Amino acid sequence: LAPSLADLFNTCDSAVLAVKPQVLLKVMGELANQISPKHLIISVVAGISLANLETGLGTKRIVRVMPNTPCQVQA
């Protein structure tokens, strides 16, 4: 547990973005200033394009993951 968002991002190299689409704009606004070129963002947010994530977070180091189908086929 980190005392602040800045402390958290100073200690990690990657972060999982798992929020509901309706709160994503607010979350991206809070995260964008914390993300540096070293960070890899892994998104499981449904219905948001990679281009929108890149613009909102200010980075191209983003991977979109949709786990539902692999979970259904147990892969």
Side-chain angles (χ1 to χ4, degrees):
L1 200 55
S4 71
L5 193 57
D7 289 330
L8 178 65
F9 272 83
N10 284 333
T11 61
C12 73
D13 293 327
S14 60
V16 177
L17 185 58
V19 298
K20 294 186 177 198
Q22 59 266 30
V23 298
L24 183 63
L25 286 177
K26 180 181 180 199
V27 170
M28 286 194 302
E30 294 173 11
L31 294 180
N33 293 329
Q34 306 302 324
I35 297 172
S36 73
K38 77 171 188 173
H39 292 111
L40 173 65
I41 306 301
I42 303 158
S43 171
V44 295
V45 180
I48 305 298
S49 72
L50 186 56
N52 285 341
L53 290 170
E54 289 173 352
T55 300
L57 295 172
T59 184
K60 291 192 177 282
R61 293 202 65 211
I62 302 172
V63 176
R64 289 187 70 217
V65 182
M66 293 296 129
N68 296 348
T69 302
C71 288
Q72 287 177 349
V73 297
Q74 298 177 0

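All residue numbers in this chain count up from 1 along the given sequence. All values reported here derive from a predicted model rather than from experimental measurement. In what follows, every heavy atom counts, from backbone to side chain, and hydrogens, waters and symmetry copies are set aside.
How far OG of Ser4 is from CD of Gln34: 7.0 Å, rounded to the nearest 0.5 Å.
For Lys38, the NZ atom counts as densely surrounded, since its 6.0 Å shell holds more than 12 non-hydrogen atoms of other residues, nucleotides or ligands.
A continuous path of hydrophobic side-chain contacts links Val19 to Leu50 [ILVMFWY only; heavy atoms under 4.5 Å]. Val65 is not connected to Leu17 by any chain of hydrophobic side-chain contacts under 4.5 Å among Ile, Leu, Val, Met, Phe, Trp and Tyr, and they are in different clusters. Two different hydrophobic clusters hold Ile62 and Val16 under the rule that ILVMFWY side chains link at heavy-atom gaps under 4.5 Å. In the hydrophobic clustering of ILVMFWY residues, with side-chain heavy atoms under 4.5 Å counting as a link, Leu5 and Val27 come out together. Note on Ile41: it clusters hydrophobically with Leu25, by side-chain heavy-atom contacts below 4.5 Å among ILVMFWY residues.
Pro21 pairs by the side chain to side chain contact (heavy atoms under 4.5 Å, CB included) definition with Val45, Ile48, not counting sequence neighbours.
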Report, one line per pair, each donor and acceptor closer than 3.5 Å where one atom sits in a side chain of residues 51-60; sequence neighbours left out.
residue: Asn52; atom: ND2; partner: Ser49; partner atom: OG; Å: 3.4
residue: Glu54; atom: OE1; partner: Lys60; partner atom: NZ; Å: 3.4
residue: Thr55; atom: OG1; partner: Ala51; partner atom: O; Å: 3.0
residue: Thr59; atom: OG1; partner: Arg61; partner atom: N; Å: 3.1

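Panel note: side chain His39, backbone Ala15; no donor-acceptor pair is recorded below 3.5 Å.
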